[in-house]
Amino acid sequence: MALTCALGSSVLLMAACGTDATHSSVAEAAPTSPTAMSPTATSPASPTPASPTVSLNEDQAHRRDLITKTHVSWEKAAATAVKEVPGGKLVDLDLKTASGGATASPGTASPGTPSPGTGSPSPSPSAGAPEWEAKVAAADGTVHRVDIDAVSGNVSRSRTEPNQDADDKREVADRLQKATQTSAQAVKTATDKTKGTVTGISLDEHDHRLVWSVDVVTTDNWNKTTFDVDAANGKIVREHVDRD
């Protein structure tokens, strides 16, 4: 009986040892982490850094809003204005915000282009809309103001500028005669130097020199650069950046 008990104890001891060894092997083979998902799947997506917001001052924001609403280029506006004055030449053009209101007052040279099918003058752009204000001189130097809707291209007003005396007309006629460079040539000179949108052009004198002043707005920062282009030889004589 003692021998039998000893043999039984040996068998039980061996069985227990075998079981412990099996458990140890399984524990070593098992992964230490709770799951086997890839780092890509378990890690949250990295946040994409936000693009920096360009801060615009009041004038820059105004230029941006005005230009983005404008559908009529300076070339089309100038051509439309010149057609209103037989034999006329452009002396000034400016993109501005319309104040709204009526068309030309009675007694002026032309009340504006009739709206299609109505026979009535085209309405003025609503307040805040973009508008081209052009000044065109006749051969004798008489200046006419022509307002053009910068969205539709219609003329909302065309009239002779008031209070022009003989000396005023003679001065304008003399400037046009001396200006061998056209407004289009001056614009090309300016935009070859700085790419952008033309918002103004005028024939004037600065420092006893006849120049075309051309305003060009760059749409990356909405700054305005004014180029003074010699109206006789086409060279840039002054360049000023308005960052305000």
Can F227 and V211 be said to form a side chain to side chain contact (heavy atoms under 4.5 Å, CB included), step by step? CA-CA 9 Å; F227 294 93; V211 298; over 6 Å; no
Do [Y] and [X] meet the salt-bridge criterion of a basic N to acidic O distance under 4.0 Å?
X: D92; Y: K135; answer: no
X: D242; Y: R63; answer: yes
X: E171; Y: R175; answer: yes

Test side-chain hydrogen bond (donor to acceptor under 3.5 Å, both in side chains) applied to E161 - qualifying residues, sequence neighbours left out: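 For E161 there are no side-chain hydrogen bond (donor to acceptor under 3.5 Å, both in side chains) partners, ignoring immediate neighbours.
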Among H71, K76, E75, which residue satisfies the side-chain hydrogen bond (donor to acceptor under 3.5 Å, both in side chains) criterion with S73?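 By the side-chain hydrogen bond (donor to acceptor under 3.5 Å, both in side chains) criterion, S73 pairs with just one of H71, K76, E75: E75.
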Applying salt bridge (Lys or Arg N to Asp or Glu O under 4.0 Å), run through D168 and R170 and close with a yes or a no. CA-CA 5 Å; D168 294 333; R170 188 179 304 109; over 6 Å; no
Minimum heavy-atom separation for [X] to [Y], with atom names?
X: V151; Y: P130; answer: CG2-CG, 3.8 Å
X: A98; Y: P125; answer: CB-CB, 3.9 Å
X: S183; Y: L90; answer: OG-CD2, 4.1 Å
X: A134; Y: A81; answer: CB-CB, 3.6 Å
X: V172; Y: A137; answer: CG1-CB, 3.6 Å

Quick one: does [X]'s side chain have a donor or acceptor within less than 3.5 Å of a partner on [Y]'s backbone?
X: S152; Y: N154; result: yes
X: Q60; Y: N57; result: yes
X: W132; Y: D94; result: no
X: T142; Y: A138; result: no

Is there a side chain to side chain contact (heavy atoms under 4.5 Å, CB included) between E131 and S156 once you walk through the steps? CA-CA 9 Å; E131 180 181 54; S156 58; 3.6 Å; yes
Looking only at side chains, do [X] and [Y] share a donor and an acceptor under 3.5 Å apart?
X: D215; Y: T226; answer: yes
X: D228; Y: S213; answer: yes
X: D230; Y: Q181; answer: no

Hydrophobic cluster of V241, others only, ordered by chain and residue number, side-chain cut-off 4.5 Å: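 Via sub-4.5 Å side-chain contacts, V241 links to none.
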Option among R64, H62, K69 that satisfies the side-chain contact (heavy atoms from CB on, under 4.5 Å) test with L66: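 Going through the options one by one, the only one that passes is H62.
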W212 and side-chain contact (heavy atoms from CB on, under 4.5 Å): which partner among L203, D204, V91?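 The passing option is L203.
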Going by heavy atoms in the side chains, are [X] and [Y] under 4.5 Å from each other?
X: E133; Y: R145; result: yes
X: Q164; Y: V143; result: yes
X: E84; Y: V155; result: yes

Does atom CG of D165 have more than 12 heavy-atom neighbours, drawn from other residues, nucleotides or ligands, at distances under 6.0 Å?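 Yes, because the 6.0 Å sphere around CG of D165 holds more than 12 heavy atoms from other groups.
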Under the criterion side chain to side chain contact (heavy atoms under 4.5 Å, CB included), I'd like the reasoning laid out for H144 against R159: C-alpha separation, chi angles, the key distance, then a yes or no. CA-CA 6 Å; H144 299 257; R159 64 186 180 92; over 6 Å; no
Exercise answer: donor-acceptor pairs, residues 185-202 side-chain atoms, under 3.5 Å, sequence neighbours excluded:
unit_1	atom_1	unit_2	atom_2	d
Q185	OE1	T182	N	2.9
Q185	OE1	T182	OG1	3.4
K188	NZ	D192	OD2	2.9
T189	OG1	Q185	O	3.1
T191	OG1	V187	O	2.8
T191	OG1	K188	O	3.4
K193	NZ	E239	OE1	2.7

Can you tell me how far the [atom1] atom of [X] sits from the [atom2] atom of [Y], to the nearest 0.5 Å?
X: D174; Y: L210; atom1: CG; atom2: CG; value: 10.0 Å
X: L95; Y: W74; atom1: CG; atom2: CH2; value: 13.5 Å
X: R157; Y: D149; atom1: CZ; atom2: CG; value: 13.5 Å

K169 and D167: side chain to side chain contact (heavy atoms under 4.5 Å, CB included), yes or no, with the steps? CA-CA 5 Å; K169 296 177 182 180; D167 290 337; over 6 Å; no
